[in-house]
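Below is one structure, written out as structure tokens; comments come after it.
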Amino acid sequence: MKERAQLIDDLCDLEWKMFVQVNNNGGKASCQNDEMFFKKMRMCQYDAWSTDMLVSYLADLLNADASGRNLPMEKYAWMMESTHPAEFEGIRASLPPVPAESLAIIAELVPIQVEWEAEVDKAYPYMRAGGRPLRKSQDSEWATSFETYMEGELKTFSTTTLQAYKEHVQAMQKEGLNFALIVAENTAKAYGFASLAEADEHARRRSQGA
């Protein structure tokens, strides 16, 4: 089996290859021109994953690439079900159907992830102030919530990957860990801070003009 670092590198490379091919109504997004930033942020996520998740999702990406599917494109398409429902109806038939077993796992995972995100938002309000709205009820044509983003992403995962995700989340719950907190800590360090607390304090001072 590949080392974790190599698995994460391979995931980032494949996702980037697909991500830059995603078409937006207004042309390419600025983030599609910043490979280093994209990979840094994805690494912050993947570092919180179990090795089983990494292995399974890499297989998902390889299978998708071999069959001409673009998983990031599908992810953003699924988000439109909430943010642009009329447009979504025009593309629904082009998306691979999500198995019932997958939908059941997603329905379990998303509320847990949303609550974890809410805990981090509350504990580190300044660092998180510029992030996505949290819940689907806050979706609009101009803003996509974390809940909708998460649902869209999980709908592109295989049932095998979702099962590995569920097992990892259950293990974290038993240990009293917060997945969102780990990702946020990773992100703070990726920005050069020693900790999330330091990043939040820096954001607080900036917000107050200090």
Side-chain angles (χ1 to χ4, degrees), residues 1-2 4 7-8 10-15 17-19 21-22 42-85 87-119 132 134-139 144-183:
M1 183 185 294
K2 294 181 180 180
R4 279 183 62 87
L7 286 167
I8 291 172
D10 290 349
L11 282 170
C12 289
D13 287 343
L14 270 169
E15 273 202 320
K17 172 185 173 182
M18 294 180 181
F19 181 66
Q21 295 171 6
V22 174
R42 295 307 284 173
M43 284 179 181
C44 292
Q45 292 278 338
Y46 293 141
D47 194 52
W49 285 22
S50 69
T51 301
D52 285 347
M53 288 173 67
L54 297 174
V55 171
S56 186
Y57 186 50
L58 180 58
D60 290 353
L61 285 168
L62 289 168
N63 289 335
D65 191 46
S67 63
R69 288 176 61 197
N70 185 317
L71 298 191
M73 188 179 294
E74 291 178 15
K75 170 176 69 176
Y76 292 114
W78 280 116
M79 292 181 207
M80 291 172 62
E81 187 173 14
S82 179
T83 60
H84 297 77
E87 291 178 47
F88 177 75
E89 289 308 315
I91 62 172
R92 181 192 290 272
S94 68
L95 293 170
V98 181
E101 184 179 357
S102 291
L103 290 173
I105 298 173
I106 292 169
E108 290 183 60
L109 290 176
V110 171
I112 296 169
Q113 291 278 48
V114 168
E115 288 309 311
W116 275 340
E117 288 285 323
E119 289 175 13
R132 295 177 180 277
L134 184 60
R135 301 184 189 280
K136 183 179 289 190
S137 58
Q138 298 169 284
D139 282 342
T144 304
S145 66
F146 170 82
E147 183 176 9
T148 293
Y149 183 96
M150 176 61 61
E151 284 184 358
E153 184 162 70
L154 295 185
K155 284 179 178 178
T156 70
F157 291 2
S158 67
T159 304
T160 301
T161 298
L162 287 169
Q163 186 60 46
Y165 203 144
K166 178 179 174 178
E167 290 169 3
H168 185 49
V169 165
Q170 289 174 333
M172 295 185 82
Q173 287 179 308
K174 288 180 181 178
E175 294 179 42
L177 300 175
N178 180 323
F179 186 98
L181 180 60
I182 294 171
V183 174

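Starting from 1, each residue takes its place in the sequence as its number.
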Next on the checklist: Applying side chain to side chain contact (heavy atoms under 4.5 Å, CB included) to Leu103 and Lys155, what does each step give before you reach the verdict?
Outcome noted: CA-CA 8 Å; Leu103 290 173; Lys155 284 179 178 178; 4.2 Å; yes

Checklist entry - Step by step, would you call Arg4 with Thr51 a side-chain hydrogen bond (donor to acceptor under 3.5 Å, both in side chains)? => result CA-CA 7 Å; Arg4 279 183 62 87; Thr51 301; 3.2 Å; yes

Checklist entry - Which is it for Arg42 and Glu153 under the salt bridge (Lys or Arg N to Asp or Glu O under 4.0 Å) test, yes or no, and what are the steps along the way? => result CA-CA 13 Å; Arg42 295 307 284 173; Glu153 184 162 70; 2.9 Å; yes

Checklist entry - Is there a side-chain hydrogen bond (donor to acceptor under 3.5 Å, both in side chains) between Tyr165 and Gln113 once you walk through the steps? => result CA-CA 11 Å; Tyr165 203 144; Gln113 291 278 48; 2.4 Å; yes

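The two residues Met18 and Leu71 make their nearest non-hydrogen contact at SD-N, 3.5 Å. When every heavy atom of Lys166 is checked against every heavy atom of Leu109, the shortest pair comes out as CA-CD2, 3.7 Å. Contact between Thr161 and Tyr57 at its shortest, heavy atoms only, is OG1-N, 3.5 Å. Closest heavy-atom contact between Ser158 and Asp60: OG-OD1, 2.8 Å. The nearest pair of heavy atoms linking Asn178 to Met172 is C-CE, 4.0 Å. Shortest non-hydrogen contact noted between Arg132 and Thr144 is NH1-O, 3.1 Å.
Between His168 and Phe179, the two ring planes are perpendicular [angle over 60°; tilted spans 30° to 60°]. Between Tyr76 and Tyr149, the ring-plane angle classifies as perpendicular under the 30° and 60° cut-offs. Using a 30° and 60° split on the angle between ring planes, Phe88 and Trp78 fall in the tilted class, from 30° to 60°.
Not a single donor-acceptor pair under 3.5 Å links the side chain of Asp47 to the backbone N or O of Met43. In this structure, the side chain of Ser67 engages the main chain of Ala64 through a donor-acceptor pair within 3.5 Å.
Between the OG1 atom in Thr156 and the CG atom in Leu61 there is a gap of 8.0 Å [rounded to 0.5 Å]. Between the CD atom in Gln170 and the CD atom in Glu108 there is a gap of 7.0 Å [rounded to 0.5 Å]. Ile182 CD1 to Cys44 SG: the interatomic distance, rounded to the nearest 0.5 Å, is 12.5 Å. For the atom pair CD of Gln163 and CG of Asp52, the computed distance is 11.0 Å after rounding to the nearest 0.5 Å. To the nearest 0.5 angstrom, Thr160 atom OG1 is 13.0 Å from Met53 atom CE. In this structure, the separation between CG on Leu58 and CG on Leu62 is 4.5 Å, given to the nearest 0.5 Å.
Within the 4.5 Å cutoff, the side chain of Asp65 has heavy atoms near those of the Lys17 side chain. Within the 4.5 Å cutoff, the side chain of Ile91 has no heavy atoms near those of the Glu87 side chain. Looking at heavy atoms from C-beta onward, Glu147 lies out of side-chain contact with Leu134 at the 4.5 angstrom threshold. For the pair Trp116/Gln173, a side-chain contact is recorded, criterion being any heavy-atom separation below 4.5 Å from C-beta on. Residues Glu151 and Lys136 meet the side-chain proximity criterion, which asks for heavy atoms closer than 4.5 Å.
A salt bridge links Glu74 with Arg69; the closest basic N to acidic carboxylate O contact falls under 4.0 Å. Using a cutoff of 4.0 Å between basic side-chain nitrogens and carboxylate oxygens, Lys75 and Glu15 are not scored as salt-bridged. Contact check on Arg135 versus Glu115 returns a salt bridge, with a Lys/Arg side-chain nitrogen under 4.0 Å from an Asp/Glu carboxylate oxygen.
A side-chain donor-acceptor contact under 3.5 Å links Ser82 and Asp139. In summary, the side chains of Ser102 and Thr159 do present a donor paired with an acceptor at a separation below 3.5 Å, with no hydrogens or angles considered.
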